[in-house]
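Per chain, numbering begins at 1; letters A, B, ... match sequence-line order. Quantities reported herein were computed from a predicted structural model and do not represent experimental measurements.
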There are 2 protein chains.
Amino acid sequence: MIGIKDIAKMAGVSVSTVSNVINGRKNVGKETRERVLQICEEVGYQPNLMGKSLKSGKTNTIVFNFSDFERSFYLKIIKGINDYLSENGFDLIVCTTSSSKNFMRNNFSRGAIVLDKKMDNDFLNSVADEQFPIVVMDRIVDNENIKSVIVENYTVMCELVQSLINKGFREFGYIGGIESSLDHQERFQAFSDTLKNNNIPFQRANYYFGDFTEESGYRAANIITLSNNLPEVLVCANDNMAIGAIKAFKESNYSVPGDISVTGFDDAGAAETYGLTTVAIPRYESGYLAAKELVEMIRGTASKDIFKISAKMKWRNTVK
Amino acid sequence: MIGIKDIAKMAGVSVSTVSNVINGRKNVGKETRERVLQICEEVGYQPNLMGKSLKSGKTNTIVFNFSDFERSFYLKIIKGINDYLSENGFDLIVCTTSSSKNFMRNNFSRGAIVLDKKMDNDFLNSVADEQFPIVVMDRIVDNENIKSVIVENYTVMCELVQSLINKGFREFGYIGGIESSLDHQERFQAFSDTLKNNNIPFQRANYYFGDFTEESGYRAANIITLSNNLPEVLVCANDNMAIGAIKAFKESNYSVPGDISVTGFDDAGAAETYGLTTVAIPRYESGYLAAKELVEMIRGTASKDIFKISAKMKWRNTVK
DNA sequence: TTGTATGCGTTATCAA
DNA sequence: TTGATAACGCATACAA
């Protein structure tokens with residue numbers, strides 16, 4: 001691997017001069033500067049981050065941590081994060097749980113964005129620090145160096161359910177997501193609060209367990225069809241499960257929305273294809289904003305508030 | 001930040017002794033070892049990864065490099081890579097182009113898997129090394145430390161086109177992908193070779209440029225409809241473009257496959273939804289195998305051959 | 001069994 | 001305008 005020392009030798013100057021050129025100091029003669037830059041270009045010199053941050057004690061690396069490979073919108077979040085960070089001169093590394101623990105320390109990286117349920121609060125509390133701020137998504141942690149960026153699920157789910165009630169629906173079914181997920185909790189809370197506010201009863205029997213996968217929605221819907229007691233509308237905690245449910249209904253020769261209406265949450269790629277009525281969450285923007293919040297924490301200019309991403313109803317045609 | 005030196009001072013020993021304790025060498029007295037470990041524990045000492053790998057030049061980290069956020073199957077590839085690596089005790093970091101160049105060096109990582117057209121061959125040749133092997137996907141680089149894992153596009157595309165010919169199709173259209181992509185090149189080569197072998201003419205006018213995005217397929221199909229000269233079947237270099245084309249045809253009130261048949265390549269998530277006839281590529285397995293090849297190169301047990309992932313025809317209903 | 005000295009790639013200080 | 005050198009945190013060869 002070629003280093004500053006090699007460049008110095010080739011250019012016939014000292015290492016300090018090369019360092020000065022590379023870091024844009026002005027105390028270098030024009031000719032020397034050009035010669036050095038020329039050589040760097042030719043040999044494709046890349047500064048070694050190790051040496052650099054060993055010296056400075058600072059890095060520009062941000063860790064993004066996730067572990068669920070089933071939800072394709074994660075790529076959009078990553079893209080948002082990546083875009084903001086590269087616009088601001090930070091490097092991004094994406095890791096899954098175990099590796100993240102190695103890299104989330106302030107002599108290696110400058111901060112982290114965490115979207116992984118397996119990364120527990122205790123661990124986060126132990127590494128978060130004024131020198132190592134963290135942004136968590138879909139979770140709230142009580143620590144002044146950990147900031148939350150969450151989706152504003154509650155109001156939009158209220159809006160969705162209220163609209164369904166206004167359309168005349170009275171018998172609701174619900175498929176929930178992973179219980180530890182804040183998204184799940186808020187969505188279901190909004191769902192049941194809205195029914196309660198309208199004096200519409202919701203039997204626990206009409207709650208079906210899911211885990212945000214299409215498979216789990218499919219299974220839940222099969223159980224529903226077997227019960228011989230279809231609700232008028234099935235509200236699902238996300239799109240994957242809604243789509244799984246729709247597939248199951250179609251296989252059992254029920255028409256959506258003829259026999260049963262279905263709603264989702266996310267506006268995932270496939271939602272449009274299925275004409276699914278759902279809630280659109282701006283994923284790219286979430287990532288971008290999470291990165292922005294983190295960088296502001298690093299710079300000491302962040303506000304303390306939880307950052308809420310707002311979502312919007314998307315009416316399509318799986319609701320009568 | 002507390003370092004080995006501080007521990008040494010507190011324990012009243014030298015830094016090398018502390019280093020020896022931490023790295024489990026046996027040349028340390030029992031008492032000393034216990035005292036040092038005790039102190040490390042108390043103060044929460046964490047070794048500085050920078051200093052460590054700057055010195056030792058060895059790590060267990062593998063870099064995976066990609067940059068296209070539009071193709072959701074990338075998540076499957078990442079999952080495959082992640083699974084193999086974690087089963088084998090390696091850490092994975094995923095990076096986009098610019099950051100990758102920082103991390104792809106043999107004192108930080110142990111090897112890399114590259115799936116990014118923006119990472120040029122010159123750069124790869126300059127970093128690849130016996131001590132830093134690289135696996136490239138969808139590309140062939142002539143370097144004994146760079147191994148290719150590619151999809152066996154040719155034979156399956158021949159099979160697809162031959163089947164279409166056997167069904168009686170004679171007028172073909174084609175939407176190509178990014179020209180620099182090996183996938184694109186092989187698929188088109190197979191397409192035109194098969195037509196030639198069957199003495200079926202293919203006019204260059206029926207070739208449409210695309211870049212693997214749905215958008216580009218949509219545009220190409222709109223151009224086709226305006227030409228008033230629909231081919232009998234439109235072969236697309238991937239699913240995204242095929243789906244874009246199908247949308248365009250439907251908007252122009254052409255029926256698929258009534259007025260025109262369409263085929264894709266990838267078996268992306270949405271392909272099933274659209275009932276698209278396509279070619280299924282095992283993405284998870286590709287990632288898993290790419291990681292396996294890399295680890296074997298690291299261990300010095302890899303074969304020199306290009307690794308080919310085989311793909312399979314998937315007949316659905318966008319072909320008459 | 002423990003300590004001293006050196007070097008990894010870089011930046012910063014200071015002298016030339 | 002340039003160069004020599006120390007220092008960052010750690011591992012290691014070698015001396016004690």
Query raised in the report: Heavy atom of residues 23-36 of chain B under 4.0 Å from DNA chain D: which residues?
Result: B/Asn23, B/Arg25
Report task. Can you tell me the distance, in whole Å, between the CG atom of B/Leu49 and the P atom of D/dC8? Result -> 19 Å
Requested in this report: For the residue pair A/Arg139 and A/Asn121, confirm or rule out a side-chain donor-acceptor distance under 3.5 Å.
Outcome: yes
For a quick test of your reading: what N or O donor-acceptor pairs under 3.5 Å do the side chains of residues 4-11 of chain B make, sequence neighbours left out?
from, atom 1, to, atom 2, distance (Å)
B/Asp6, OD2, B/Gly3, N, 2.7

Query raised in the report: Does A/Arg35 reach the main-chain N or O of A/Gly12 with its side chain, forming a donor-acceptor pair under 3.5 Å?
Result: no
Query raised in the report: Do side-chain atoms of B/Asp116 reach the backbone of B/Asn65 as a donor and acceptor pair under 3.5 angstrom?
Result: no
Query raised in the report: Would you say A/Ser67's side chain and A/Thr97's backbone share a donor-acceptor pair under 3.5 angstrom?
Result: no
Query raised in the report: Is the centre of the B/Phe108 ring less than 6.0 Å from the centre of the A/Phe108 ring?
Result: yes
Requested in this report: Rounded off to whole Å, could you give me the CG-to-P distance for the B/Asn48 and C/dC8 pair?
Outcome: 18 Å
Query raised in the report: Has A/Ser14 got a side-chain N or O lying under 4.0 Å from the OP1 or OP2 atom of D/dA4?
Result: no
Query raised in the report: Hey, is CD on A/Glu42 packed in by over 12 heavy atoms from elsewhere, all under 6.0 Å?
Result: yes
Query raised in the report: At how many degrees, to 10°, do the end axes of the helix from C/dT1-D/dA16 to C/dA16-D/dT1 meet when each uses five pairs?
Result: 50°
Requested in this report: Check the distance between D/dC10's P and A/Asn107's CG and give it to me in whole angstrom.
Outcome: 8 Å
Query raised in the report: What nucleotide among D/dT12, C/dT10, D/dC8 has an atom nearest to a side-chain atom of B/Asn20?
Result: D/dT12
Requested in this report: Mind running a 4.0 Å heavy-atom check of residues 50-59 of chain A against DNA chain D and sending the residues that fall below it, in number order?
Outcome: A/Leu54, A/Lys55
**Report entry** Check ion pair A/Lys117-A/Asp138 (N to O, under 4.0 angstrom)
**Finding:** yes
Query raised in the report: Over how many whole Å does the gap from A/Lys5 atom NZ to D/dT5 atom C1' extend?
Result: 12 Å
Considering only distance and modelled atom types, tabulate donor-acceptor pairs under 3.5 Å from the side chains of residues 300-311 of chain B, sequence neighbours left out.
from, atom 1, to, atom 2, distance (Å)
B/Thr301, OG1, B/Glu296, O, 3.4
B/Ser303, OG, B/Lys147, NZ, 3.1
B/Ser303, OG, B/Asp305, N, 3.4

Query - D/dC10 phosphate, OP1 or OP2, under 4.0 Å from B/Tyr45 side-chain N/O - result: yes
Query raised in the report: Got a donor-acceptor contact below 3.5 angstrom from the B/Asp266 side chain to the B/Ala268 backbone?
Result: no
Report summary line: Side-chain contact check for B/Ser16: nearest option of C/dC8, D/dA11, D/dT12 is D/dT12
Report task. Select base, sugar-phosphate, or nothing to describe what B/Phe108 touches, counting heavy atoms under 4.0 Å on all strands. Result -> nothing
Identify every side-chain donor-acceptor pair in residues 18-30 of chain A under 3.5 Å, counting partners at least two apart or on other chains, and give the distances.
from, atom 1, to, atom 2, distance (Å)
A/Ser19, OG, A/Asn23, ND2, 3.4
A/Asn20, ND2, A/Ser16, O, 3.2
A/Asn23, ND2, A/Ser19, O, 2.9

Report summary line: Whole-Å distance, B/Ile4 CD1 to C/dC8 P, equals 19 Å
